[in-house]
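Everything on this sheet refers to the single structure shown next.
Only this structure's heavy atoms are used, side chains among them; waters, hydrogens and symmetry mates stay out.
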Amino acid sequence: MQVQVSINKMNSGRLQVFVKRIGPSVSTGPVVTYREEADARKVLATFGFSQEIIDGRLEMLLTDFGPNESLPFPEADIPVGVLHSHGFLAI
């Protein structure tokens with residue numbers, strides 16, 4: 001499924017990963033919150049993003065972005081089963 005993945009940092013320091021189906025009819029998508037950066041990294045790697053992309057995006061997010069600012073990843077084709085197995089059930 002073609003999706004747009006983005007991530008943001010909450011005031012608490014937790015990271016939220018958002019997944020939105022690409023298409024005109026979907027305005028929001030499911031969100032999963034992670035206490036540990038390592039957990040968010042694992043999910044992003046499972047989604048097929050390279051370590052280089054993950055490292056670059058998280059470094060930018062953690063140093064240059066304030067709380068609740070969202071940073072997108074490149075559009076990705078992620079199987080529905082992979083999304084569901086990581087808690088993104090409403091997609």
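When the side chain to side chain contact (heavy atoms under 4.5 Å, CB included) test is applied to R14, the partners found at least two apart in sequence or on another chain are M10, S12, T33, R35. Under the ring pair (Phe, Tyr, Trp, His ring centres under 6.0 Å) criterion, Y34 pairs with no residue, sequence neighbours left out. Considering only residues two or more places apart in sequence or on other chains, E75 meets the side chain to side chain contact (heavy atoms under 4.5 Å, CB included) condition with Q2, Q4, I22. Partners of A76 by side chain to side chain contact (heavy atoms under 4.5 Å, CB included), not counting sequence neighbours, listed by chain and number: F49, I78. Taking the side chain to side chain contact (heavy atoms under 4.5 Å, CB included) definition, one finds that S85 meets it with nothing, sequence neighbours left out.
Pairing each heavy atom of I54 with each of A45, the nearest pair is CD1-N, 3.5 Å. What you find for M1 and D77 is that their closest heavy atoms are N-OD1, 2.8 Å. Residues P72 and S6 share a closest heavy-atom pair of CA-CB, 3.8 Å. Residues E69 and L61 share a closest heavy-atom pair of O-CD1, 3.7 Å.
Within the hydrophobic cluster formed by Ile, Leu, Val, Met, Phe, Trp and Tyr side chains joined at under 4.5 Å, directly or through other members, L89 stands alone, with no partner residue. Grouping Ile, Leu, Val, Met, Phe, Trp and Tyr residues whose side-chain heavy atoms lie under 4.5 Å apart, directly or via other members, places F18 in a hydrophobic cluster with V31.
Side-chain contact between L15 and L62 is present, with at least one heavy-atom pair separated by less than 4.5 Å. You'll find the side chain of V43 stays beyond 4.5 Å of the side chain of V32, heavy atoms only. Between H86 and V19 there is no side-chain heavy-atom pair separated by less than 4.5 Å.
When the options I7, V17, V3 are evaluated for a side chain to side chain contact (heavy atoms under 4.5 Å, CB included) with F73, the one that passes is I7.
Identified under the side chain to side chain donor-acceptor pair (under 3.5 Å) test for residues 50-64, with sequence neighbours left out: R41-D55, Q51-D55.
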